[in-house]
Amino acid sequence: MDPRSVGHALSQIADFLELKGENRFKSAAYRNAARAILAVQTDDLAPALASGELAELKGIGPATLSTIRELVESGESRYLEQLRSEIPEGLLEMLRVPGLGTAKIQKIHDALGVASLAELEDAARDGRLAKLPRFGPGTAAKILKGITYLRENSAYMLYPRALAESEPVLAAVRAHPGVESAMLGGSLRRRTEIVRDIDVVAACESPERVAAELARAPGVREAEARGSDAVTIQFVDGTVLDLHCVPPESFAVALWRATGSASHEREMIEHASSRGLSLAGNELRDASGARIPVPDERTLFDALDLAYVEPELREGRGEVAAASARALPTLIETSDIRGVLHCHSDYSDGKATIAEMAEAARALGWSYIGITDHSQSAFYAGGLKPDAVLAQHEEIDRLNSSNLGVLVLKGVEADILADGQIDYDQELLDRFDYVIASVHSRFSMDRETMTQRVLRALDDPHVTILGHPTGRLLLSRDAYAIDIEAVLEKAADKGVAVEINADPHRLDLDWRHLQLAKSLGCSFEIGPDAHSTRGLSNMSFGVGIARKGWLEASDVINTLSATEIRQRLRRRRAS
DNA sequence: GCCGTTTTCGGCCCGACTGTTTTCAGTCG
């Protein structure tokens with residue numbers, strides 16, 4: 001069994017224990033065990049279990065180890081099943097409502113017998129909830145808002161999960177004997193940050209027969225035909241596949257159409273008609289109505305006298321006009337990245353040592369890695385007190401003189417305090433090679449106060465990078481209120497690079513702001529925000545977002561060489 | 001339930017905000 005599945009089971013046990021009102025340190029122990037397991041870098045835990053490696057992990061003791069053993073050996077845990085039978089599953093769902101914790105859920109369950117999201121919504125609407133002691137109309141309204149947020153977002157998955165789920169689905173479609181070839185389309189191909197369904201386009205000689213057969217495959221809960229060649233298939237685990245089966249000669253246009261976006265499609269159709277062509281259904285036709293053969297997507301763009309538009313750019317944000325003027329950017333590639341600047345170590349809330357992180361960066365072909373642990377005010381993340389900073393710097397000096405094959409830079413992810421000050425004194429800040437300044441607290445400030453807070457932080461000459469500039473957590477927390485344009489203008493003016501945080505939960509700054517930021521003169525840093533060596537692989541998600549934002553390699557500072565990045569970081573300090 | 005010992009039991013991140021109260025419980029990061 002893989003770490004993700006075991007970790008999920010342990011987290012569920014922790015949730016159930018909390019809902020049961022067990023000693024909170026007991027649930028915390030299961031949560032810690034889950035975290036420890038998730039940090040194990042393997043696809044199969046069995047060998048690490050057998051070798052005793054798992055038993056050695058900090059946070060795993062006799063009880064959690066026996067649960068893990070059971071999960072790895074049998075795929076199930078009797079303890080988890082036991083808890084499931086005691087506590088309604090609906091309470092677990094309620095735990096996902098923002099603003100609801102275990103204590104409130106227990107009260108609501110005990111007093112009103114509410115055991116599901118739907119019942120909770122009823123109780124919030126009809127006033128029963130507001131009448132509970134220490135609840136009130138404000139709490140009921142907040143819970144309703146939370147339920148709405150959950151509903152709106154629960155149909156979506158983060159990009160990496162959607163990508164992982166698409167792999168077996170695509171493989172199954174390709175394995176069908178009637179399918180000649182198949183490709184992913186939709187928002188997954190456009191690399192949007194959240195994805196609702198998986199789109200697959202399949203070329204087949206008998207589209208309708210293939211679609212019908214795939215709709216009856218094992219694991220399918222229900223299927224609904226949509227037109228003659230498309231079928232929406234829902235699998236038992238909730239994954240939704242939009243399958244488009246088309247004859248081979250229609251494949252390229254069908255793929256283009258299934259990739260979207262809707263506004264890109266509209267712009268393309270208008271462009272075609274302005275040139276006397278028509279793009280209708282899965283066909284391109286000339287003025288006489290004759291069908292123009294389109295063997296692949298590039299031919300489609302060629303036929304419309306357009307440069308090829310990469311899927312990431314197909315968002316209806318001027319890409320068709322730019323393709324027509326041959327003015328599309330040369331998008332950044334993952335291979336352009338030369339180093340990373342946003343990584344945590346075990347000095348704060350990271351899992352790996354600095355040496356392990358550095359070795360992993362070297363193995364990925366990068367020439368430098370910046371270690372940016374949390375600053376002192378970030379208690380919850382083990383932020384570094386000044387003496388820990390000094391100790392860390394000594395360790396980095398030692399590592400750099402030991403022939404690592406990769407340069408380790410002394411960075412910090414320093415909190416922007418409520419008043420806009422950076423979380424260390426100027427003397428200590430002087431000791432870092434660079435500073436990422438991030439907001440980690442007081443998210444609910446009004447827009448003006450928050451904007452002033454961040455603008456003030458940008459005035460500190462130590463600040464080199466503005467970390468995750470809007471604070472959003474995809475599918476769980478909105479961005480805080482801020483005048484992002486004012487912030488970007490100032491960042492450009494001060495020479496502070498704007499982060500594209502590559503953690504798939506963040507992907508912040510949003511790609512929709514990147515063209516504006518670039519036009520204002522901003523430079524960018526793509527940061528993995530890695531809390532383990534595995535977290536370094538977040539970089540590909542960040543690069544995907546940079547591409548969606550029309551960025552080129554030259555816009556991104558961590559495409560610079562180690563020598564150049566050092567100069568660049570010093571330059572900001574001197575200005 | 002786990003950890004770390006000043007070995008076998010005490011402590012486990014903690015401060016601010018929110019909505020409720022009129023002093024604080026609950027949630028969040």
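Below, each value reflects all heavy atoms present in this structure, side chains not excepted, and no hydrogens, waters or symmetry copies. Letters A, B, ... mirror the listed sequences (proteins, then strands); counts begin at 1. Model, not experiment: these values are computed from the prediction.
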Salt bridge or not between [X] and [Y]? Use side-chain N to carboxylate O under 4.0 Å.
X	Y	value
Glu121(A)	Arg151(A)	yes
Asp478(A)	Arg472(A)	no
Asp397(A)	Lys410(A)	yes

Could you work out the separation of [N] and [M] based on their [atom1] atoms and round it to a whole Å?
N	M	atom1	result
dT8(B)	dG15(B)	P	30 Å
dC3(B)	dC13(B)	C1'	15 Å
dA16(B)	dT23(B)	P	22 Å
dT21(B)	dG26(B)	P	13 Å
dT7(B)	dC2(B)	C1'	15 Å
dG10(B)	dC17(B)	C1'	31 Å
dT27(B)	dT20(B)	C1'	13 Å
dT18(B)	dG11(B)	P	33 Å

Can you figure out which of [options] approaches the side chain of [X] most closely?
X	options	result
Ala103(A)	dT20(B), dC12(B), dT27(B)	dT27(B)
Lys26(A)	dG1(B), dT27(B), dT20(B)	dG1(B)
Thr139(A)	dC2(B), dT20(B), dT27(B)	dT20(B)

Quick one: label [X] by what it contacts on the DNA or RNA (base, sugar-phosphate, nothing), any heavy atom closer than 4.0 Å.
X	answer
Asn23(A)	base
Pro133(A)	nothing
Leu17(A)	nothing
Leu473(A)	nothing
Arg442(A)	sugar-phosphate

| Which word best sums up how the rings of Tyr424(A) and Phe432(A) line up, parallel for under 30°, tilted for 30 to 60°, or perpendicular for over 60°? |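 Because their plane-to-plane angle is under 30°, the rings of Tyr424(A) and Phe432(A) count as parallel.
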
Separation of [N] [atom2] from [X] [atom1] (nearest whole Å):
X	N	atom1	atom2	value
Lys104(A)	dT18(B)	NZ	P	13 Å
Met450(A)	dC17(B)	CE	P	12 Å
Phe135(A)	dT18(B)	CZ	C1'	13 Å
Leu144(A)	dG19(B)	CG	P	14 Å
Leu54(A)	dC2(B)	CG	C1'	16 Å
Leu132(A)	dA25(B)	CG	P	17 Å
Leu100(A)	dG19(B)	CG	C1'	14 Å
Phe443(A)	dT18(B)	CZ	P	13 Å

Q.
Anti or syn, where syn is a glycosidic angle within 90° of 0; which label fits dT18(B)?
A.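 It is anti.
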
Would you confirm whether Thr148(A), through its side chain, and Leu144(A), through its main-chain N or O, come within 3.5 Å as a donor-acceptor pair?
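Judged by distance alone, yes, a pair lies under 3.5 Å.
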
Is there a Watson-Crick or G-U wobble partner for dT8(B) with both distances under 3.5 Å, and if so, which one is it?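 Base-paired to nothing in any strand shown.
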
Please determine which of Ile68(A), Asn32(A), Leu71(A) meets the side chain to side chain contact (heavy atoms under 4.5 Å, CB included) test together with Ile37(A).
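Option passing the side chain to side chain contact (heavy atoms under 4.5 Å, CB included) with Ile37(A): Ile68(A).
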
Item to complete: Let me know, please, whether Ile60(A) or Pro98(A) comes out on the 5' side of the other along DNA chain B by nearest nucleotide.
Response: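 First, find each residue's nearest nucleotide; the 5'-ward one identifies Ile60(A).
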
- [ ] Please tell me which of Lys107(A) and Thr64(A) maps to the more 5' nucleotide of DNA chain B, matching each residue to the nucleotide holding its nearest heavy atom.
- [x]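 In this pair, the answer is Thr64(A).
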
Checklist entry - Taking atom types as modelled, is there a side-chain donor on His342(A) or His468(A) under 3.5 Å from an acceptor on the other? => result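 There is no such pair (donor and acceptor under 3.5 Å, judged by atom type) between the side chains of His342(A) and His468(A).
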
**Q.** Side-chain donor/acceptor contact of Arg134(A) with base of dC24(B) under 3.5 Å
**A.**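 By the distance-only test, yes, there is a pair.
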
